[in-house]
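What's counted below: heavy atoms across the whole structure, side chains too, no hydrogens, waters or symmetry copies. The shown structure was predicted, so the numbers you read here are calculated from the model rather than taken from an experiment.
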Amino acid sequence: MKSLIIAAHPNLEESVINKRWLEELRKHPDRCTIHVLSEQYPDGQIDVEREHRLVESHGSLIFQFPIYWFSSPPILKTWFDDVLTHGWAYGRNSGDKLKSRKIALAVTTGVRAEDYSPHGRYHYTLAELLAPFEATLRYYCHADYQPFFAFYGAEQVPCEDYHSSKEEIERSAEDYARFVESLS
């Protein structure tokens, strides 16, 4: 069954990494469906029933987004608030639509990996900052939460060493496509 990529970038056209990742995935329409929230819901009003049907018609889910203020862009928070409803995504005697489903995050950060460490610039690891997603998906929704995929240093590309940056971006896009395939 195909994976559903739920992309939450508020300005995808100006993105370097997220845009390139989706371009790479579009080469494999048999493996995944790309669902860009800002294109589907420019007014931010999520069609919950439509989203439920879309999620139910796919296997694994990958939430792709840039880290914004140590979390996700607002449209993804709205998606979680609106779509993960009691009785559908969670609940004592119901709400099993995400149960045992492989779910992962694919994120981009503006700064380098070493900034996300106990002794780095932010004093927290990226895994620690993404823990609310894991707790929601693993413990409320009983999903099979997978390790995240990350690109660090998006603000540094392209940089003076453009050739090196371009190679890093291309390698990341290819690695991301393999990551998505591994969740199928």
Side-chain angles (χ1 to χ4, degrees), residues 3-25 32 34-48 51 54-55 60-86 89-90 98 101-141 143 145-159 165 168-169 171-173 175-176 179-180 183:
S3 296
L4 177 61
I5 312 302
I6 298 175
H9 195 295
N11 192 355
L12 196 55
E13 286 307 308
E14 290 188 19
S15 168
V16 174
I17 310 303
N18 279 272
K19 183 177 172 180
R20 179 64 192 99
W21 282 1
L22 295 179
E23 288 169 354
E24 186 67 26
L25 293 181
C32 63
I34 297 170
H35 184 55
V36 180
L37 294 178
S38 61
E39 291 173 6
Q40 297 299 312
Y41 305 110
D43 62 358
Q45 300 298 309
I46 308 290
D47 182 338
V48 174
E51 294 300 302
L54 188 61
V55 168
S60 60
L61 301 176
I62 296 106
F63 295 97
Q64 178 186 322
F65 58 95
I67 298 295
Y68 267 44
W69 296 111
F70 306 104
S71 188
S72 67
I75 195 161
L76 186 58
K77 175 66 167 99
T78 299
W79 191 96
F80 269 73
D81 290 346
D82 292 355
V83 176
L84 300 184
T85 57
H86 184 271
Y90 69 97
L98 301 180
R101 187 184 301 250
K102 288 182 181 179
I103 299 180
L105 306 179
V107 300
T108 57
T109 72
V111 298
R112 296 287 178 193
E114 54 269 15
D115 291 324
Y116 290 104
S117 69
H119 302 290
R121 181 177 176 186
Y122 299 120
H123 302 283
Y124 293 97
T125 66
L126 189 54
E128 289 172 321
L129 293 172
L130 296 174
F133 293 96
E134 179 178 3
T136 299
L137 296 165
R138 184 186 302 267
Y139 302 113
Y140 270 85
C141 302
Y145 185 81
Q146 300 291 302
F148 61 86
F149 183 87
F151 183 96
Y152 295 91
E155 289 178 5
Q156 279 79 38
V157 293
C159 63
S165 296
E168 184 180 4
I169 293 166
R171 186 173 45 256
S172 175
D175 290 346
Y176 182 45
F179 174 80
V180 169
L183 295 177

Which heavy atom of [X] sits nearest a heavy atom of [Y], and at what distance?
{"X": "P66", "Y": "T108", "result": "CA-OG1, 3.2 Å"}
{"X": "N18", "Y": "S15", "result": "N-OG, 3.1 Å"}
{"X": "V83", "Y": "V48", "result": "CA-CG1, 4.3 Å"}
{"X": "L61", "Y": "R101", "result": "CG-CD, 3.9 Å"}
{"X": "I103", "Y": "A143", "result": "CD1-CB, 3.5 Å"}
{"X": "A7", "Y": "L22", "result": "CB-CD1, 4.0 Å"}

Cationic N near anionic O, under 4.0 Å, R20 to E168:
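No, this pair does not count.
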Within a 6.0 Å radius of atom OH on Y68, are there more than 12 heavy atoms belonging to other residues, nucleotides or ligands?
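Result for OH/Y68: enclosed.
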Assess the pair F70 and Y122: is the distance between their ring centroids shorter than 6.0 Å?
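F70 vs Y122: aromatic centres under 6.0 Å.
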Do W21 and F179 make the cut of ring centroids closer than 6.0 angstrom?
no
When rounded to the nearest 0.5 angstrom, what distance separates [atom1] in [X] from [atom2] in [Y]?
{"X": "H119", "Y": "E114", "atom1": "NE2", "atom2": "CD", "answer": "14.0 Å"}
{"X": "Y145", "Y": "T136", "atom1": "OH", "atom2": "OG1", "answer": "9.5 Å"}
{"X": "L25", "Y": "I62", "atom1": "CG", "atom2": "CD1", "answer": "8.0 Å"}
{"X": "I34", "Y": "I6", "atom1": "CD1", "atom2": "CD1", "answer": "12.5 Å"}
{"X": "R121", "Y": "Y116", "atom1": "CZ", "atom2": "OH", "answer": "8.5 Å"}
{"X": "E24", "Y": "I169", "atom1": "CD", "atom2": "CD1", "answer": "12.5 Å"}

Mind checking what makes ring pair (Phe, Tyr, Trp, His ring centres under 6.0 Å) contact with H86, not counting sequence neighbours?
Y90
Would you check, one step at a time, whether the test side-chain contact (heavy atoms from CB on, under 4.5 Å) holds for D175 with S172?
CA-CA 5 Å; D175 290 346; S172 175; 5.6 Å; no
Y176 and I5: side-chain contact (heavy atoms from CB on, under 4.5 Å), yes or no, with the steps?
CA-CA 11 Å; Y176 182 45; I5 312 302; 3.7 Å; yes
Output a table of donor-acceptor pairs, distance under 3.5 Å, between side-chain atoms of residues 37-44 and any protein atom two or more places apart or on a different chain; print 'none' if there are none.
| residue | atom | partner | partner atom | Å |
| --- | --- | --- | --- | --- |
| S38 | OG | H9 | O | 3.3 |
| Q40 | OE1 | R50 | NH1 | 2.9 |
| Q40 | OE1 | R50 | NH2 | 2.7 |
| Y41 | OH | R50 | NH1 | 3.3 |
| Y41 | OH | E51 | OE2 | 2.6 |
| D43 | OD1 | Q45 | N | 3.0 |

Under the criterion side-chain contact (heavy atoms from CB on, under 4.5 Å), I'd like the reasoning laid out for F151 against V16: C-alpha separation, chi angles, the key distance, then a yes or no.
CA-CA 11 Å; F151 183 96; V16 174; over 6 Å; no
Would you say T109 and D115 make side-chain contact, with heavy atoms under 4.5 Å?
no
Measuring only between side-chain heavy atoms, which start at C-beta, is F80 closer than 4.5 Å to I46?
no
Looking at F65, F148, Y139, Y140, which one forms a ring pair (Phe, Tyr, Trp, His ring centres under 6.0 Å) with F133?
F65
Give the C-alpha distance, both sets of side-chain angles, the deciding distance and a yes or no for side-chain contact (heavy atoms from CB on, under 4.5 Å) between W79 and L84.
CA-CA 8 Å; W79 191 96; L84 300 184; 4.0 Å; yes
